[in-house]
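Note that ligands are numbered from 1 as they come in the structure, with each ligand's atoms numbered from 1 the same way.
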Amino acid sequence: MTTTVDNTAPTMTYKDSAAPISARVSDLLSRMTLAEKFGQMTQIEKNSISEDIISELGIGSILSGGGGNPSPNTPENWRAMVQAFQKAAAESRLGIPLLYGSDAVHGHNNVHSATIFPHNIGLGATNDTALLEEIGRATALETAATSVRWNFAPAVSIARDIRWGRSYESYGQDPDLVAKLGAAYLKGAQGESLQDNTTVVGSVKHFVGDGGTTWGTTGRYEWISDWWKSDGERWMIDQGDCLDDEETLRNVHLVPYIAALEAGARNIMVSYNSWDGIRMHGQKYMLTDVLKGELGFSGFLVTDWLGINQLAADFYDAVVMGINAGIDMVMVPFQHTLFIKTMTEAVVNGDIPVSRVDDAVSRILHIKFELGLFDRDYMDTPSLDYIGCAEHRELAGRAVQQSAVLLKNDDALPISAEGKTILVAGAGADDIGMQCGGWTIEWQGKTGPITAGQTLLSGLVAQLPKSARMTYAADGVFDGDTKADLGIVVVSELPYAEGEGDKSDLSFSADEVALIERVRAHCEKLIVVLYSGRPRLVTDQLDQMDALVAAWLPGSQAGALASVLLGEVPFTGTLSFAWPRTMDQVPYAADHDFLWPIGFGLT
Ligand code: BGC
Ligand code: BGC
């Protein structure tokens, strides 16, 4: 199996920026060996690769997964890391540039001191397409400043079951809302033209039905690791089986993809979930017939992390099934040697046609040309000063304010603070990591001062009038005879991501109930601010609260909430998720008598 390649031709069309992209793609393809084609189809996790392998094998892509950070984690080191890989790619035989990808799912969130926007569930509550476009743009700028031109966002998941640990990655439960916000974000991220080096190509994910899975159906893949082993709580619904019929799949979960395609989607990530028992990574009908055929998607499909491995215990069978189903690039993420060897065998054996390989590689190369990667010096990037800049933090603050949903208010808000005594409680009131949630610095997120930002407590300190007296105790323990005008309790989930956040019961814990009761005993009016990646059950505690604000996972600029509590900025957020009274109302069904329906929000 040798391919003869003639690189001595006097004009190399692929290097000619004036030539049409399709001509450049076919010219380049004609110069590539099969091995180089397999290299382009390979995406490796950044810690699993050395620079010489990139040039030797002509690797197509590298990613930073959740927490895939350089050490120390600074914007400068991020850029230097990506550019060192890019330099190695430039030294490969054909000099095909790399596409470097990362999950900038709420800002360029792996990077220390980047602006962290509210998670998608909060952005859903803003119902504001112009805002989403601005956030897509700002995130792209911060991402591109580190030389990363591919963002694994937006997630256009429609979370039907809020026990799912990824509910917060979903803009909402209404397909049309998710469609319009996802498309707006993508437009902002991709700009007028991908040739502009301040843009990134988005990855619309996870195709398709990720939010429609059934509790208890998470796949078990002993041959990969025992990682997804569940304790009856974690990994119970994430990566599970979507049992919807085709009509429902199309009318619900497919809707945002159609909008994303109209908005210029060039990359889509395949989902871990199964559809009717077969994993999406092997669903040729959905990937090739529907998405690439019927819907005319001409970009490329990337797998999820180890996604192809889940198709079969035998890696050869898994690769054959996945690539023939329509996968173009494989997030291996570690086994590049095995993947390339397997591809070689499968093509020699005739189990994967060369035409499928050529199609996959053409799609990948096409996007690289669209991004202008061949025509611009990889050192040429937007300024690192964009990262965490004042303008982006102001935008994030606005998003925080617009995402807050006022669920109950018996004359407690806005706070008239002049001369008042105020007690503040709850660790979340002063913890950057808790307000940011998962996918922040680390994959699972982390409590504590993990990055730069402003907490609600510091926002209040900055904004309360001098005549107000505020006391903070994280545990809500105040002197016995303290009697304050007002108590503010922040009830906050601890950070989590993916199946680690699957949870069967979303009621308040005994500790959370006790925290509310302790503060209640010391104040006239009690305001509860909830930080969570999904609605929590508040039915039994609601009587104790004079006001309740759902603030979701606000990100680095939670201090901006203070202006809303003080009435300087109005409440405008509305629920994009239905709020259940009991766990019996989960998963979502249109006919439930919810505590608060989609669209609810006091002003
Ligand atoms: C997640 C994706 C993510 C990928 C890379 C996977 O576990 O499901 O959403 O883009 O990892 O970090
Ligand atoms: C990575 C994530 C990835 C996850 C999937 C983690 O180790 O950091 O990016 O999504 O594994 O299993």
Side-chain angles (χ1 to χ4, degrees), residues 42-49 61-69 78 82 99-111 119-121 139 143 148-159 164-171 182 185-186 189 200-213 218-219 221 224-225 227-228 234-235 237-240 242 256-257 260 265 267-274 279-281 300-310 327 329-335 437-445 496-502 533:
T42 306
Q43 182 185 54
I44 307 178
E45 183 273 332
K46 69 107 182 156
N47 286 330
S48 309
I49 190 160
S61 178
I62 300 183
L63 89 147
S64 279
N69 308 325
W78 263 86
V82 178
L99 194 47
Y100 198 101
S102 190
D103 298 277
V105 299
H106 62 147
H108 198 6
N109 44 60
N110 284 311
V111 180
H119 268 300
N120 287 351
I121 193 167
T139 303
T143 306
V148 174
R149 294 291 308 281
W150 185 10
N151 181 5
F152 306 138
V156 294
S157 327
I158 295 164
W164 189 31
R166 305 193 83 150
S167 297
Y168 64 76
E169 294 187 59
S170 167
Y171 293 118
Y185 178 94
L186 189 66
V200 295
V201 61
S203 184
V204 188
K205 70 188 190 183
H206 311 80
F207 188 84
V208 59
D210 55 351
T213 59
T218 296
Y221 311 102
I224 300 178
S225 79
W227 227 72
W228 286 276
R234 296 150 54 250
W235 303 100
I237 185 166
D238 187 46
Q239 309 193 5
C242 175
Y257 289 93
N267 173 252
I268 290 176
M269 188 184 291
V270 181
S271 184
Y272 284 128
N273 71 271
S274 302
R279 277 173 287 292
M280 206 42 80
H281 282 80
F300 73 99
L301 284 173
V302 66
T303 71
D304 205 335
W305 181 280
L306 286 169
I308 215 165
N309 303 57
Q310 296 186 355
I327 284 163
M329 184 186 281
V330 177
M331 194 186 287
V332 282
F334 321 113
Q335 301 162 313
W439 295 105
T440 313
I441 308 299
E442 299 294 334
W443 176 42
Q444 292 292 323
Y496 56 79
E498 301 189 43
E500 291 293 317
D502 292 354

Atom pair [atom1] ([X]) and [atom2] ([Y]), whose distance is rounded to the nearest 0.5 Å:
X      : Y      : atom1 : atom2 : value
Ile44  : Ser61  : CD1   : OG    : 9.0 Å
Phe207 : Lys205 : CZ    : NZ    : 15.5 Å
Asn120 : Tyr171 : CG    : OH    : 4.0 Å

Does ligand 1 come near enough to [X] that some N or O of the ligand is less than 3.5 Å from an N or O of the residue?
X      : result
Asp304 : yes
Asp103 : yes
Glu498 : yes
Trp443 : no

Checking His108 against Trp78 for the side-chain contact (heavy atoms from CB on, under 4.5 Å) test, could you report, in this order, the C-alpha distance in whole Å, the side-chain angles of both residues, the deciding distance, and whether it holds? CA-CA 11 Å; His108 198 6; Trp78 263 86; 4.3 Å; yes
Side chains of Trp150 and Val302: closer than 4.5 Å at any heavy-atom pair?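 Yes, their side chains come closer than 4.5 Å.
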Is any side-chain heavy atom of Gln239 closer than 4.5 Å to a side-chain heavy atom of Gln310?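 Result yes, sub-4.5 Å side-chain heavy-atom pair found.
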May I ask you to decide if the ring planes of His119 and His106 are parallel, tilted or perpendicular, using 30° and 60° as cut-offs?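 If you compare the ring of His119 with that of His106, the planes turn out parallel.
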Show the atoms of ligand 1 that are less than 4.0 angstrom away from any heavy atom in [X].
X      : value
Gly65  : 12 (O)
His206 : 2 (C), 8 (O), 9 (O)
Arg166 : 1 (C), 2 (C), 8 (O), 9 (O)
Lys205 : 2 (C), 3 (C), 9 (O), 10 (O)

I'd like to know whether ligand 1 has Glu169 as a neighbour, heavy-atom separation below 4.0 Å.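 Flag not set, Glu169 not near ligand 1.
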Determine the sole option in Trp443, Tyr272, Phe334 for which the ring pair (Phe, Tyr, Trp, His ring centres under 6.0 Å) test with Trp305 is passed.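 Result for ring pair (Phe, Tyr, Trp, His ring centres under 6.0 Å) with Trp305: Phe334.
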Which segment of Tyr272 sits under 4.0 Å of ligand 1 when only heavy atoms are counted: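 The answer is the side chain.
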Pick one of side chain, backbone, both or neither for how Gln43 approaches ligand 1, counting any non-hydrogen atom pair under 4.0 Å.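 Neither part.
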